[in-house]
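To start, the structure itself, in structure tokens.
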Amino acid sequence: MKRSSRFAILIIGATVLITVASCHRQTRNRLDEIQFPRIVIWAWERPEDLSFIDSHKYGIAFLAQTLTLKNDDVVSNPRHQPLEVPPDTKMMAVTRIESQKVTGQKPALSASQREKLVKLIRQTLERGRVTAIQVDFDALVSERDFYRALLQDLRAQLPDNVPLSMTALASFCIGDRWLNDLPVDDAVPMIFRMGADDRSVRNMLANGNDFGEPLCRRSYGIALDEPLQIKFDESRRVYVFNNHAWRKDDLVSLKQRM
């Protein structure tokens, strides 16, 4: 066999292996592997008593901390409000990341800043019953490379069986390929408080169309006070935000919408 032919076969073989590995990376979903409940209640920074939920039906994604990028530093603000849940509830610790916008204090987006973020996010695993991590960061275009590197570093330092989730603006999920190949188990499209994109996104979903980014086709992020006229795919997780502290009748309302 000629050297050129052998070389061509090696290239084809390598391409097939890379493609298979890529498909595996894109299709794995650790949230399914650990049987995290399909309905996930977001518990934000306020007192929440969710002791009434059925922990087999509902998981909790709670705001564990807010981290603000300022110059080359990370300002940490941990959760201060109480959260009550049944003892066997599966928990997802959410870290909200914000950028300081004040002139002279804008983030450096440095490697050392990224290391601080990874360390602080990893520490949320030490909270009781936390089995998954979620990052909430509305990254600007100029911050996307930093965010991608952060998620890659974080995934590498998390135990393999711990799911890593991220929230995603709906606009990230429509024809914007920057989410492609991110090392996350899902990118939750925030289908509420969408501003200028609201009507176009709602019409797209109501007409039976879907998000272009595969990572955004594993879940929905909705708000209880913003009805969404779509048929929910039962294979997807549904994360639900509430604009007030959760009550039992909110779950009745949610069930009627699903």
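Atom set for the values below is all heavy atoms of this structure, side chains included, hydrogens, waters and symmetry mates excluded. Just so it is clear, the model here is predicted, and its values are computed rather than measured.
Residue-environment remark: CZ (R177) exceeds the threshold of 12 foreign heavy atoms within 6.0 Å. Atom CD of Q105 has more than 12 heavy atoms from other residues, nucleotides or ligands within 6.0 Å. In N209, the CG atom is crowded: over 12 heavy atoms of neighbouring residues, nucleotides or ligands sit closer than 6.0 Å. Heavy atoms from other residues, nucleotides or ligands lying under 6.0 Å from NZ of K70 number 12 at most. Counting heavy atoms of neighbouring residues, nucleotides and ligands inside a 6.0 Å radius, atom NZ of K101 exceeds 12 of them.
Judged purely by atom type and a 3.5 angstrom limit, E45 uses its side chain to pair as donor or acceptor with the backbone of Q81. With hydrogens and angles disregarded, a donor-acceptor distance shorter than 3.5 Å links the side chain of K90 to the backbone of I34.
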Where do R155 and D185 land on the salt bridge (charged side-chain N to carboxylate O under 4.0 Å, His left out) test, with the steps shown first?
CA-CA 10 Å; R155 177 69 271 170; D185 295 281; 3.7 Å; yes
Carefully, step by step, assess R38 and E234 under the rule salt bridge (charged side-chain N to carboxylate O under 4.0 Å, His left out).
CA-CA 9 Å; R38 177 176 175 254; E234 294 186 359; over 6 Å; no
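Proximity of the aromatic rings of Y220 and Y239 is defined here by a centroid distance below 6.0 angstrom, and this criterion is not met.
Relative to the ring axis of F172, R144 places its NZ or CZ within 45° and under 6.0 Å from the centre.
Classification of D153 and K119 as a salt-bridged pair fails, no side-chain N sitting under 4.0 Å from a carboxylate O. One finds a salt bridge joining R236 and D210 here, because a Lys/Arg side-chain nitrogen approaches an Asp/Glu carboxylate oxygen to under 4.0 Å. With respect to the salt-bridge test (charged N to carboxylate O, under 4.0 angstrom), the residues E143 and R148 do not qualify.
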